[in-house]
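Data first, discussion second: the structure below is written as structure tokens.
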Amino acid sequence: MSVVTLNEFIIERQADFPYAKGELTRLLTHIGVAAKVVNREVNKAGLVDILGEAGSDNIQGEQQKKLDVYADEKFISSLRSSGECCGIASEENENVVAFDDELAKNGKYIVTMDPLDGSSNIDVNVSIGTIFSIYKRISSIGHKAKIEDFIQEGTKQLAAGYIIYGSSTMMVYTTGRGVNGFTLDPSIGEFCLSHPDIKTPVSGSLYSINEGNYIKFPEGVKQYLKYCQEIDGPTGRPYTSRYIGSLVADFHRNLLKGGIFIYPKSAGYPSGKLRLLYECNPMAMLVEQAGGKATDGRGNRIMDIKPKSLHQREPFFVGSRNMIDKAEKFMLKYGHKEPKL
Ligand code: P6P
């Protein structure tokens, strides 16, 4: 079977976007380049620990950057040089990064991203990831990006995706015409199409949630967990609990195998923990394109939520359609309010 590289695939699909005239193509290509650079450093992370803690000087005497700061800088510089992106909202930066060079100010797109999600897992060699969304800017071209360019509903996303730095490194993305996965072949330094047209099973038998927070969960979540753990062979229960604590890794496994991931609001996180703009919305676009569902546990579609701020958190229920519907029924019946502890 002939290998299709990410760049070949993006160009082949460019025809889907006649209006984009190759701009979206260039953006996605630059994201792919930055992903390869970050992948190289993530794979060396263990060595850095041997040679010195992050934040100290490495053997070249250079100041060793924390990997998430490093990833943030790499993606920002790659997107800036694409000439298509006028600004970035990143988990690593309190405010938007609005580019002020002429080339970038003429960019028609903005990117929201978590450059290295789950980075606390690096020093224990657990999979981590980069998550991104691409939107058309609202403010006028030729000027610096403005906050209104970034606080758009998830339904306005033109593209969304993630890179998972795991047992292999993959880039999974959608431009609204299905979901495709590409595995990095280190021998040629290219992402190659390995998972064409990903569809997530309508039902699954995996549930992913941090059960350590059980006492802080709303009653609806507690009752749904009991449902998952009951013995009922015909429905495949008890389900299997699988929780890595790295969103990209938990999401990727459930996307391929079927399952539900829940980070609900709780007494500890009254609005949930995950960020709407650069964690929930991109994953919501991907899962819907793959036939799944993403809600806030109160019957609201994640992508319909109008953001109020850059780093806004939302409760997050994402995965196989039938499992989300069942969880929402428990939330409706038993309540989604977090307990007062
Ligand atoms: P907890 C990682 O810090 C992260 O942002 C997501 O990748 C992950 O799903 C979640 O937090 C894990 O949170 O509270 O279970 O450790």
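Order of listing sets the numbers, starting from 1, for every ligand and every atom in it.
Shortest contact from atom 14 (O) of ligand 1 to any protein heavy atom: Tyr263 OH, 2.6 Å. Scanning all protein heavy atoms for the shortest distance to atom 7 (O) of ligand 1 gives Asp117 OD2, 2.5 Å. The protein non-hydrogen atom at the shortest distance from atom 16 (O) of ligand 1 is Lys273 NZ, 3.9 Å. Atom 9 (O) of ligand 1 has Leu247 N, 3.3 Å as its closest protein atom, hydrogens excluded (heavy atom only).
Sorted by first and then second residue, the pairs that involve residues 273-300 and meet ring pair (Phe, Tyr, Trp, His ring centres under 6.0 Å), not counting sequence neighbours, are Tyr278-His311.
Remark: ligand 1 atoms within the under-4.0 Å shell around heavy atoms of Asn210 are 1 (P), 14 (O), 15 (O). Residue contact check: Phe261 has heavy atoms under 4.0 Å from atoms 9 (O) of ligand 1. Less than 4.0 angstrom separates some heavy atom of Ser246 from each of these atoms of ligand 1: 7 (O). Annotation for ligand 1: atoms under 4.0 Å from non-hydrogen atoms of Gly245 are 2 (C), 8 (C), 12 (C). If you number the atoms of ligand 1 from 1 as listed, the ones under 4.0 Å from a heavy atom of Glu279 come out as 5 (O).
Between Tyr173 and Phe182, the ring planes are parallel. Angles under 30° get that label, and only those over 60° would be called perpendicular.
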In residues 261-274, what donor-acceptor pairs under 3.5 Å come from side-chain atoms, sequence neighbours left out?
{"unit_1": "Lys265", "atom_1": "NZ", "unit_2": "Glu338", "atom_2": "OE1", "d": "3.3"}
{"unit_1": "Ser266", "atom_1": "OG", "unit_2": "Gly268", "atom_2": "N", "d": "3.2"}
{"unit_1": "Ser266", "atom_1": "OG", "unit_2": "Tyr269", "atom_2": "N", "d": "3.1"}

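Summarising the local packing, NZ of Lys146 is surrounded by more than 12 heavy atoms from other residues, nucleotides or ligands at distances under 6.0 Å. Residue-environment remark: CG (Leu103) exceeds the threshold of 12 foreign heavy atoms within 6.0 Å.
Considering both main-chain and side-chain atoms, Tyr269 never comes within under 3.5 Å of ligand 1 through any nitrogen or oxygen pair. Geometrically, ligand 1 and Tyr243 share a nitrogen or oxygen pair separated by less than 3.5 Å. Not one N or O of Leu274 is nearer than 3.5 Å to an N or O of ligand 1, by distance alone.
A salt bridge does not link Glu23 with Arg26: none of the charged nitrogens is closer than 4.0 Å to a carboxylate oxygen.
Here the shortest heavy-atom pairing between Ile88 and Cys85 reads CG1-SG, 4.0 Å.
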For Glu328 and Lys293: C-alpha separation, side-chain torsions, deciding distance, then whether salt bridge (Lys or Arg N to Asp or Glu O under 4.0 Å) applies.
CA-CA 11 Å; Glu328 283 281 356; Lys293 212 165 172 178; over 6 Å; no

